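These numbers come from the heavy atoms of this one structure, side chains and all, not from hydrogens, waters or symmetry mates. For clarity, every value in this text was computed on a predicted model and none was experimentally measured.
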Amino acid sequence: MKEPLTKLERSWILYDIGNSAFVLLVATILPVYFKHLAGSAGISSSDYMAYWGYAASLSTIIVALLGPVLGTVSDHADHKKPLFFCSVLLGSLACLLLGTARHWLIFIVIYIIAKIGYSVSLIFYDSMLPDITTPDRMDSVSSKGFAWGYIGSCIPFLLSLGLMLGYERLHIPLSWAAVLTFLITALWWLLLTVPVLKDYKQKHFLNEGRLSAWGSVRQLWDTVKEISKNRQIFLFLLAFFFYIDGVYTIIDMATAYGEALGLDTAGLLLALLLTQVIAFPCALVFGRLARHVATEKLITLSIVAYLIIALFAIQLDRQWEFWCLAICVGIFQGAIQALSRSYFAKIIPAEKSGEYFGILDIFGKGASFVGTGLVALLTQMTGNIGTGVSIISVLILIGLILFRLAIRSNMKIQKENHES
């Protein structure tokens, strides 16, 4: 994209920077602090990891149920922005309250609420893409959102890391370090939401008269039937369900996995910081490559890379291996998320973007309960963490096969349209 970013595109990207601070917190510091609370209550490492997985799964199940209906409601005129703001407010306030929890169960409940607010906000945020840019700029703008999100989130993370690792030198208790950490993240998230709230105006929406709850459900059901007849979108959603499920399971449980294996906490957090730093230029590179290479090929490359990463993670038991894992994830993390988002935005009706992204959330973040739930369940059943992690590679492999089928279906449709 040779033209500079517009003011609206920059404002939209700023929200990626804001919410990414919470994502990084969830992937790094939250599991460590939860382990501290769980350990104080006498909970074992395998149970600690299982409970963390169950919490992530429960939050995504709730979003999977709420997301499509809320997305449908947001497609009506002037509904997207207020719904977006309410979800951000819920998530950021719950993030702030995490610092007040002194019992592991209370902490888990507040975490679930924060994760719901964050996940629902992304349904509205992602569906804004057709409103804030043009189809030919979507790959690049989406990639820049993830790229700047990765590097920008390092600012509050470094402050938080200094507090959590250096609380003794600062002569404050760990509980106060946690309060300040969650305060910094919540404020960062909330303040960087302001520009897009100020500049965004919903351009694509449905003109279907008065909105009702039953009307929204009926409309959603009609769209589900439409998707079932559109082989290209249907196969992509199935593929996305499996491959992004594997990706988000790795992101959600990487620190918990390392902690359960007994790896050095500071080393784990620094390795995941490196992931963010590497993800910044790599996301930008993939965004530029999308101008010259088909988006489908770049997504395929990223899925294959994640399959290799998942297989490598099964035998991981040393610190340097975790660092290798962090570097590899950083290279492909932005690409697979950004290009999947922009690819989907191109193949759906713009006026129904909220509804379609709500459905996508079922197959993506909303369905990630499968990965985290299976890892937690297999780990508890076998008592072996590596066995639990092995299921991730199976999910990604199924996603790869389905995505290739989706591409074939798309090529067939394009050929039929050309001939007609």
Side-chain angles (χ1 to χ4, degrees), residues 23 26-27 31 49-50 52-64 67 115 119 122 233-258 260-261 275 296 298-316 322 325-326 328-341 343-344 359-382 384-408:
V23 177
V26 170
M49 186 172 172
W52 188 250
Y54 292 142
S57 297
L58 180 58
S59 65
T60 49
I61 289 171
I62 293 170
V63 174
K115 191 82 182 292
S119 298
L122 286 189
I233 295 178
F234 179 68
L235 282 173
F236 173 75
L237 286 170
L238 282 180
F240 188 76
F241 176 97
F242 285 100
Y243 76 72
I244 211 70
D245 194 7
V247 171
Y248 284 127
T249 302
I250 291 172
I251 293 171
D252 285 345
M253 302 201 72
T255 303
Y257 182 38
L261 290 173
T275 298
E296 296 91 332
L298 295 175
I299 294 174
T300 300
L301 173 63
S302 300
I303 297 172
V304 171
Y306 260 98
L307 177 59
I308 296 169
I309 289 168
L311 290 170
F312 177 76
I314 296 171
Q315 57 77 54
L316 188 151
F322 192 89
L325 186 77
C328 294
V329 167
I331 294 171
F332 295 99
Q333 182 172 289
I336 200 166
Q337 292 176 291
L339 296 178
S340 295
R341 176 169 66 183
Y343 178 80
F344 188 67
I359 293 170
L360 181 72
D361 204 70
I362 290 179
F363 289 84
K365 294 184 187 70
S368 66
F369 70 88
V370 174
T372 52
L374 284 175
V375 170
L377 186 61
L378 286 173
T379 299
Q380 258 192 331
M381 285 176 62
T382 63
N384 187 300
I385 298 169
T387 302
V389 170
S390 65
I391 195 64
I392 298 174
S393 58
V394 177
L395 295 172
I396 296 173
L397 178 60
I398 294 171
L400 175 61
I401 294 168
L402 288 170
F403 184 67
R404 297 309 300 174
L405 290 174
I407 293 172
R408 286 186 187 179

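Inter-residue side-chain proximity for V304 and L301 is flagged as unmet; no heavy-atom pair is nearer than 4.5 Å. Residues I303 and I299 are in side-chain contact: their nearest non-hydrogen atoms beyond the backbone lie under 4.5 Å apart. Taking the side chain as every heavy atom from C-beta outward, I391 and L377 never approach each other to under 4.5 Å. The closest side-chain heavy-atom distance from F344 to F240 is not below 4.5 Å. For the pair L400 and F242, the minimum side-chain heavy-atom distance is 4.5 Å or more. Y243 is listed as a side-chain neighbour of S340, based on a closest heavy-atom distance under 4.5 Å.
Atom CZ of F403 sits about 13.0 Å away from atom CG of L238, to the nearest 0.5 Å. To the nearest 0.5 Å, atoms CG (D245) and CD1 (I396) are separated by 9.0 Å. Interatomic distance, F332 CZ to C328 SG, rounded to the nearest 0.5 Å: 7.5 Å. Remark: L58 CG to K115 NZ distance equals 10.5 Å, nearest 0.5 Å.
Each of L397, I398, I392 was checked for a side-chain contact (heavy atoms from CB on, under 4.5 Å) with V394, and the lone residue meeting it is I398.
For OH of Y54, the number of neighbouring non-hydrogen atoms (other residues, nucleotides, ligands) closer than 6.0 Å is greater than 12.
Minimum heavy-atom separation, L307 to S393: CD1-O, 3.3 Å. Considering every non-hydrogen atom in both S302 and I336, the closest pair reads CB-CB, 3.8 Å. Heavy atoms only, all atoms of each residue included: L325 and I309 are closest at CD1-CG2, 3.3 Å.
Between the side chain of S390 and the backbone N or O of I314 there is no donor-acceptor pair closer than 3.5 Å.
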